[in-house]
Asks: 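The structure's right below; bear with me while I get my questions together.
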Amino acid sequence: MIIYKQGKDSFEPQKSAYSTPDTTTKLSASETKILQYLIDNNGEIISRDKLLEIGWPDKVVVPNSLNVAIANLRKAFKTKHEIIITIKGAGFTIAKNTFIQHQIQPEIVSDSDHITTSQNTTASLNKEESVTTSLDNNDEQETDITANQPLSKIAKIGCGISMIALLTWIGLWTSSWQTPPCVSVNNQQICGNIELLNLNELPKNLPAKGTVYIDSAGKLYEKN
């Protein structure tokens, strides 16, 4: 953005405003264009026709419109000495170096504030989410700790004994219903503790039919 400085005064074409230490005057579009053209061509005499063309492009206006615009600009200057100098019969001019041009960056303070505010808002939201998550995690951890509290030694021992007793009973109950292993000897089926069977000691009077069982002492007996 371009600003023209004249002492403590400033002219801002983008805002169509001329500012003194005491006040700011809003300029019309035509007044703004005329003043900027005179400043950009300072030291040169600009004809009335040229200023009419600059101030009102593609428009037909009465010559007095320029006089009114110049008068309004001089009021905005609020100074005793002439800034816009009238050259009789030729036009108008502004002396060299009356205004100093300054190139400044566009106003970005509001954008920075907006970004900062947005970042602060995001950080605040993240902080709230973090606190909420932390609280939730703490609740979950407390729940897990409560749920996973170790059993007392007595409870563990009692539980272990109960499990052993239960498994033993199940094993006995299952074995009582389990079909004993069998082996066929000379078309004779012998079941039970067959690991104790001695074929050389088999009695000769084994029944031809039925099943022969061998007990834990190695003795055979018939069971129809």
Side-chain angles (χ1 to χ4, degrees), residues 1-140:
M1 184 171 69
I2 297 174
I3 292 181
Y4 299 90
K5 291 282 189 177
Q6 195 277 120
K8 295 182 179 179
D9 297 357
S10 61
F11 168 51
E12 298 178 71
Q14 291 81 1
K15 295 182 179 180
S16 296
Y18 190 93
S19 299
T20 68
D22 300 323
T23 185
T24 297
T25 302
K26 188 71 175 176
L27 306 177
S28 68
S30 298
E31 293 164 358
T32 300
K33 292 175 182 177
I34 290 170
L35 180 57
Q36 184 170 7
Y37 192 82
L38 286 170
I39 293 173
D40 290 342
N41 296 276
N42 62 89
E44 298 180 14
I45 300 173
I46 310 302
S47 67
R48 295 179 62 89
D49 292 338
K50 183 64 177 178
L51 290 177
L52 284 170
E53 179 184 345
I54 295 298
W56 296 268
D58 303 323
K59 290 182 180 180
V60 177
V61 294
V62 295
N64 191 52
S65 296
L66 179 59
N67 294 336
V68 172
I70 297 294
N72 289 336
L73 289 171
R74 285 171 173 165
K75 287 180 182 179
F77 298 153
K78 298 184 185 299
T79 181
K80 294 180 180 179
H81 68 275
E82 294 288 340
I83 293 178
I84 298 178
I85 303 171
T86 301
I87 308 297
K88 292 182 179 180
F92 303 89
T93 188
I94 289 180
K96 282 188 176 184
N97 302 321
T98 302
F99 287 86
I100 299 174
Q101 179 177 314
H102 294 270
Q103 184 78 34
I104 65 174
Q105 296 296 324
E107 295 181 2
I108 58 174
V109 175
S110 58
D111 294 339
S112 298
D113 292 342
H114 175 71
I115 294 172
T116 303
T117 302
S118 177
Q119 290 175 344
N120 290 337
T121 302
T122 303
S124 178
L125 291 174
N126 290 338
K127 184 177 181 181
E128 291 178 0
E129 291 177 358
S130 177
V131 171
T132 303
T133 303
S134 178
L135 291 174
D136 292 341
N137 289 337
N138 288 338
D139 291 341
E140 292 178 0

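Just so it is clear, the model here is predicted, and its values are computed rather than measured.
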Asks: What pairs meet the ring-ring contact (aromatic ring centres under 6.0 Å, His included) rule with one or both residues in residues 5-27, with sequence neighbours excluded?
Replies: Tyr4-Phe11, Tyr18-Phe77

Asks: As a quick check of understanding, evaluate side-chain contact (heavy atoms from CB on, under 4.5 Å) for Phe99 and Ile94, giving each step before the final call.
Replies: CA-CA 9 Å; Phe99 287 86; Ile94 289 180; 4.3 Å; yes

Asks: Quick one: closest heavy-atom pair of Ala76 and Leu27, and the distance?
Replies: CB-CD2, 4.3 Å

Asks: Might you point out which heavy atoms bring Ile2 and Gln14 nearest each other, and give the distance in Å?
Replies: O-OE1, 3.0 Å

Asks: For Thr24 and Ser19, indicate whether the former's side chain and the latter's backbone hold a donor-acceptor pair under 3.5 Å.
Replies: no

Asks: Can you tell me how far CD1 of Ile39 sits from CD of Gln6, rounded to the nearest 0.5 angstrom?
Replies: 9.0 Å

Asks: Rounded to the nearest 0.5 Å, what separation is found between the CG atom of Leu35 and the CG atom of Leu73?
Replies: 5.5 Å

Asks: Atom OG1 in Thr98, atom CD in Glu82: separation rounded to 0.5 Å?
Replies: 12.0 Å

Asks: Could you give the distance from CD1 (Ile34) to CD1 (Ile70), rounded to the nearest 0.5 Å?
Replies: 5.5 Å

Asks: Using side-chain hydrogen bond (donor to acceptor under 3.5 Å, both in side chains) as the criterion, list what pairs up with Glu31, not counting sequence neighbours.
Replies: Ser28, Asn72

Asks: Would you check, one step at a time, whether the test side-chain contact (heavy atoms from CB on, under 4.5 Å) holds for Ile46 with Thr93?
Replies: CA-CA 6 Å; Ile46 310 302; Thr93 188; over 6 Å; no

Asks: Quick one: pull up NZ in Lys15 and NZ in Lys26 and give me the separation to the nearest 0.5 Å.
Replies: 9.0 Å

Asks: Side chain of Thr32, backbone of Ser16: donor and acceptor closer than 3.5 Å?
Replies: no

Asks: Specify the closest pair of heavy atoms between Pro21 and Asp9, including all atoms of both residues, with the distance to one decimal.
Replies: CD-OD1, 3.4 Å

Asks: Looking only at heavy atoms, what is the nearest atom pair of Gly43 and Lys96, with distance?
Replies: CA-CG, 3.7 Å

Asks: If you look at every heavy atom in Gln36 and Pro13, which pair is closest and at what distance?
Replies: OE1-CB, 3.4 Å

Asks: Give, for atom OG of Ser65 and atom NZ of Lys59, the distance between the pair rounded to the nearest 0.5 Å.
Replies: 10.5 Å

Asks: Is any side-chain heavy atom of Thr20 closer than 4.5 Å to a side-chain heavy atom of Thr79?
Replies: no

Asks: Among Val68, Val61, Leu66, find the one that has a side chain to side chain contact (heavy atoms under 4.5 Å, CB included) with Asn64.
Replies: Val68

Asks: Whether the side chain of Arg74 engages the backbone of Ile84 through a donor-acceptor N/O pair (distance < 3.5 Å, no angle test) should be reported.
Replies: yes

Asks: Kindly indicate, with the supporting measurements, whether the criterion side-chain contact (heavy atoms from CB on, under 4.5 Å) is fulfilled by Trp56 and Lys33.
Replies: CA-CA 9 Å; Trp56 296 268; Lys33 292 175 182 177; over 6 Å; no

Asks: Which pair of non-hydrogen atoms, one from Gly55 and one from Ser30, has the smallest distance, and what is that distance?
Replies: O-OG, 2.9 Å

